[in-house]
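Structure, as structure tokens:
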Amino acid sequence: AKKEKTSARRAKQDLASCKNLLSCLECHEHAWPFLLPVNTKQFPQYKKAIKTPMDLSTIKRKLQEGSYKHKGEFASDVRLIFSNCEEFNEDYSPVGRAGHCMRQYFEQQWAQM
Ligand SMILES: Cn1cc(C(=O)NCCN)ccc1=O
């Protein structure tokens, strides 16, 4: 019983840490391109170019719904945001630069979790 309890406690702690890190990402100065799904009316080619769209609001919903079994799955979705961004945007475009900045910030915070 002891082992399961600690793993349940660790899962609870991991979820809290992921929620906290997500909040930090959402309020980051350069988070603006990633807060909501890319508007495919504004960017009609996005749907064809990017097979698995991802954004911070979707990750937030998934966290709340308990969609992530391990914190690594959370990290994979965050990284998906930034790989989609690199695929669709030039490195030195405003969105491209925001993506590089946010990825660096995320990896720095993730390493301390
Ligand atoms: C992630 N991403 C965001 C945008 C964008 O312009 N977002 C505006 C939000 N108001 C464009 C391309 C892209 O890949």
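Both ligands and their constituent atoms are indexed starting at 1 by order of listing.
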For this session: Answer yes when R97 and D91 have at least one side-chain N-carboxylate O distance shorter than 4.0 Å, and no when they do not.
Result: no
For this session: Would you list the pairs meeting ring pair (Phe, Tyr, Trp, His ring centres under 6.0 Å) in which at least one residue belongs to residues 48-90, sequence neighbours left out?
Result: F34-F82, Y46-F88
Exercise. Checking S83 side chain against R79 main chain: does a donor-acceptor pair fall under 3.5 Å?
Worked result: yes
For this session: Tell me, please, which residues at least two apart from Q13 pass side-chain contact (heavy atoms from CB on, under 4.5 Å).
Result: S17
Problem set entry | Near ligand 1, at a heavy-atom separation below 4.0 Å: residues by chain and residue number | W32, P33, F34, V38, F43, Y46, F88, N89, V95
Exercise. Under 3.5 Å, is there a donor-acceptor pair between the side chain of D55 and the main chain of I81?
Worked result: no
Seminar exercise, completed: By side-chain contact (heavy atoms from CB on, under 4.5 Å), N20 pairs with (sequence neighbours left out) C24
